[in-house]
Amino acid sequence: MTNIITICRKELKSYFSSPIAYLLMAMFAFLFGFFFWNAVGYFVSMSFQAQMSGRTIPMDVNEMIIRPLLMNVSVIGLFLIPLIAMRLFAEEKRSGTIELLLTSPIHDMEIIVGKWLAATILYACLLGISALNILFLFAYGQPDWKPLLIGYLGLILQAGGLLAIGAFISTTTKNQIIAGAVTFGACLMLWVLEWVAGYETATWATVLSYMSVVRHFEPFSKGVIDTRDLVYFASVIFLGLFLTARSLESLRWRS
Amino acid sequence: MIKVEGLTKRYDRTVAVNNISFEVEKGQIVGFLGPNGAGKTTTMRILTCFLPPSEGTASVAGFDVLQSPMDVKRHIGYLPENPPVYPEMEVEEYLTFVGRLKGIPKADLALRVREASEKCAVAEVSKKLISKLSKGYRQRVGLAQAIIHNPDVLILDEPTAGLDPKQIHETRDLIRSLAGAHTIILSTHILPEVEQTCDHVVIISKGRMVAKDSVQNLTSRLRGQEAVAVEVTGGDNAAIQQRLEQVAGVSRVVARDTRDGRHSYEVESLPGCNVRGDVARAVVESGWNLHELRAVALSLEDVFLELTGAGQAAEGEKQ
């Protein structure tokens with residue numbers, strides 16, 4: 001356990017002592033700010049329309065602002081997660097520091113979990129920035145905080161799963177760009193898998209669409225925790241970390 | 001302290017290390033000598049549990065590398081060819097991180113970091129970013145990293161590669177000073193390094209072990225046998241060579257080159273014969289001018305070339 005913390009601290013320190021963390025945060029803040037501005041603008045124009053026409057439409061901050069925002073954030077995640085995950089192992093392989101880790105008296109799994117945890121924490125820090133915008137909603141409206149919290153939990157679970165896959169991909173190459181590009185492809189694929197369910201009802205289509213990340217994230221954005229989704233994300237994380245471990249082990253046999 | 005038996009490592013079809021066996025006693029410094037690609041790094045990686053062997057066994061401090069890798073890792077300090085440092089960290093921070101990895105108790109950590117940085121003379125840069133350090137300092141940080149947990153065994157892969165002469169000298173002194181407390185294996189393809197720093201030498205070529213002996217024994221194999229470089233003017237090349245070959249005790253005369261009428265030769269003598277006086281007399285008595293007469297030191301290099309078969313190849317190229 002102490003080894004996991006040691007690795008995790010070192011990774012976080014690396015993220016924050018290089019421009020990566022700040023760059024990602026700035027990008028996220030900018031994009032989220034834009035989405036927030038849009039969502040609020042839409043909400044305001046809708047409420048004006050409602051006043052003008054004299055009809056009373058139910059105006060729900062959670063439903064009309066927070067939920068679409070969370071869905072947007074999960075899309076931004078697709079782009080940011082490969083950038084976070086790509087250096088995890090590729091960098092250590094390129095610089096040779098992987099030899100230090102693998103010849104130290106710690107288990108492979110401790111290295112992997114430590115690194116994955118650090119990447120997930122960094123993503124959580126990015127999400128933290130959005131709290132600034134969300135605070136305004138609380139200042140000027142009465143959104144329900146419970147679905148919001150669940151939405152964030154969903155985002156972190158989603159990132160955890162994709163980062164575990166990214167960590168695995170990062171072990172297979174010394175080149176960060178390749179790791180990032182392949183991870184991006186994998187993230188996007190896991191995202192759009194759901195589309196097949198739109199026109200096909202055969203078993204394979206159901207299975208494919210079940211594997212889609214978006215399908216399992218959506219309930220969280222509504223503030224619903226379903227054990228099926230929890231099991232899904234837990235298995236993606238487990239599978240990703242398991243593959244990482246096997247890949248790291250194979251490094252010893254092949255390199 | 002280190003025991004290697006029948007060690008073999010295969011990659012697909014190539015054999016990187018072929019049936020190597022040796023033992024290292026506590027406190028010795030052993031040099032791994034061989035041309036690049038001979039299998040030095042592979043052997044070291046097996047000893048540090050970075051790679052598993054295909055066949056054979058290796059044990060460090062009584063622990064087998066396959067059966068109890070964690071115990072082996074605890075007893076080994078390893079400096080790979082490129083020091084495994086994180087450029088974005090400060091020296092002290094890096095050493096603290098490695099100390100934690102190696103399982104040093106929290107209470108001793110600061111002390112160990114200080115000791116290691118003082119021993120390796122990196123204390124004055126402890127607050128500097130590693131990316132700002134010169135290659136020599138990085139190498140020393142790498143060494144500090146290897147000794148931080150006070151391991152019984154130190155494994156150093158080409159510790160002086162890429163350093164300037166002064167740094168090489170300092171690093172060698174440093175390694176010598178670490179002997180005794182630690183058992184050290186270091187690899188190199190630089191021969192004088194082995195002569196200067198090691199007690200024992202294991203010579204590897206193309207994955208095979210070609211010699212294993214103390215440095216003294218290996219060099220004394222050639223003692224008594226001497227080569228003399230001779231430079232003569234005022235005569236005919238063939239005639240001089242013929243005359244030199246007739247000198248008692250000379251085993252072989254190799255003509256080197258002729259420039260501006262100066263003919264140079266390398267005269268090899270039989271063991272136990274000092275032929276310098278006779279060679280000088282022969283040249284002068286034949287009416288030629290003796291320009292230079294100099295003993296050529298036979299060093300570990302000659303043993304090495306002979307053993308690895310590179311000597312024949314090199315001579316073949318010359319002819």
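Every chain is numbered from 1 and lettered A, B, ... according to where its sequence line falls, protein lines coming before strand lines. Since this is a predicted model, take the numbers as computed values, not measurements.
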**Message:** Can you confirm if the NZ or CZ of A/Arg9 lies within 45° of the ring axis of B/Phe97 and under 6.0 Å from the centre of its six-membered ring?
**Reply:**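 No, cation not above the ring by the 6.0 Å, 45° rule.
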**Ring centres under 6.0 angstrom apart (A/Phe35, A/Phe28)** =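 Judged by ring-centre distance (under 6.0 Å), A/Phe35 and A/Phe28 do not meet the cut-off.
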Where on [X] is there a heavy atom nearer than 4.5 Å to chain A: the side chain, the backbone, both, or neither?
| X | result |
| --- | --- |
| B/Gln145 | side chain |
| B/Val98 | side chain |
| B/Tyr78 | side chain |

**Message:** Salt bridge or not between A/Glu92 and A/Lys115? Use side-chain N to carboxylate O under 4.0 Å.
**Reply:**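 Yes, A/Glu92 and A/Lys115 are salt-bridged.
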**Item:** Of A/Leu88, A/Ile178, A/Thr183, the residue whose pairing with A/Ile169 passes side-chain contact (heavy atoms from CB on, under 4.5 Å)
**Value:**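 Among A/Leu88, A/Ile178, A/Thr183, the one that satisfies the side-chain contact (heavy atoms from CB on, under 4.5 Å) with A/Ile169 is A/Thr183.
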**Item:** Toward chain B, the part of A/Ser18 with a non-hydrogen atom under 4.5 Å
**Value:**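 Contact with chain B involves no heavy atom of A/Ser18 at all.
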